Amino acid sequence: MSRKQRKKEKQKQSTRELMGVDEITDFSTKTPYGELVYFIIHPTNISVLSDENIGARIYALMTVLKGIAEIEMLCLNSKENFDDNKQYLKRRMEMEQNLVIRNLLKQDSINLDRMQVQMATAREFLIIIRLKDEKESNIFPYLARIEKNLKDQGFESRRADNQDIKRLLGVYYEQNVTTEKYEDYDGERWVVFGDE
């Protein structure tokens, strides 16, 4: 197969196929390597906890990990990265002769720093359960037990739904944290149904 043919074949693939996702359901992603269910864990601000409390949180997490063999963990740094913009502003300030413009560029740089600090707390922690050959009737009781186990150990969590999963994939693959609603298909919002 020539390079041109491979490129054309790749263009025919959907985004989901390129990501290795067969289907996004109401509560999971189906992949060739199993069905993935995501639990979003609300983070604890450990900077205000004592050493004893941090030790207790670590022990609680170890208890969860020991109790669930299928567990995988993911941390998404869901914040915009302003480094390129800050570098650009720094270069512009060094080159700028006009003092007023230089001060405006400095204010822009300070504003970017402020925005980045505010968004730095937007990290998301996920526990992922990979379902393999589970019977349909056993899945939801099994997931409920995992959710109860997390709550019993003091973790505030919830199972990700369809929109959460699309957002997580958008952040993971594209670093897109600004979209409010993810579409199933590109341009879906522009389609008017029943209009002929």
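Since the model is a prediction, treat every value here as computed from it, not as a measurement. Along the sequence shown, residues are numbered consecutively beginning with 1. The basis for the numbers below is simple: all heavy atoms, side chains too, and nothing from hydrogens, waters or symmetry mates.
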Q) Any side-chain heavy atom of S28 sitting closer than 4.5 Å to one from L36? A) no
Q | Gap between atom CD1 of I24 and atom CG of D26 - 0.5 Å precision | A | 11.0 Å
Q: Measure the spacing between CD1 of I40 and CG of L168 and express it to the nearest 0.5 Å.
A: 5.5 Å
Q) Yes or no on side-chain hydrogen bond (donor to acceptor under 3.5 Å, both in side chains) for T29 and Y38, after CA distance, side-chain angles and deciding distance? A) CA-CA 9 Å; T29 55; Y38 304 84; 3.1 Å; yes
Q: Could you list the residues that satisfy side chain to side chain donor-acceptor pair (under 3.5 Å) with N103, not counting sequence neighbours?
A: none
Q: Drop me the distance from L104's CG to E96's CD, to the nearest 0.5 angstrom.
A: 9.5 Å
Q: May I have the step-by-step check of ring pair (Phe, Tyr, Trp, His ring centres under 6.0 Å) for F39 and F155, ending in yes or no?
A: CA-CA 11 Å; F39 288 90; F155 293 99; over 10 Å; no
Q. So, are D164 and R159 salt-bridged, with charged N and O less than 4.0 Å apart?
A. no
Q. Looking only at heavy atoms, which two atoms of E147 and R158 are closest? And how far apart?
A. OE2-CA, 3.9 Å
(Q) Is there a side-chain contact between K66 and I71 in this structure, where contact means two heavy atoms from C-beta onward sitting under 4.5 Å apart? (A) no
Q. Is the backbone N or O of Y33 less than 3.5 Å from a side-chain atom of R130, with the two atoms forming a donor-acceptor pair by type?
A. yes
Q. Would you call P32 and D22 a side-chain contact if the rule is heavy atoms closer than 4.5 Å?
A. yes
Q. Are the side chain of E23 and the backbone N or O of T25 linked by a donor-acceptor pair below 3.5 Å?
A. no
**Q.** Rounded distance (nearest 0.5 Å) linking atom NZ of K86 with atom CG of N111
**A.** 11.5 Å
Q) If only atom types and distance count, is the side chain of T63 paired as donor or acceptor with the main-chain N or O of Y59 below 3.5 Å? A) yes
Q | E72 atom CD: more than 12 heavy-atom contacts under 6.0 Å | A | yes
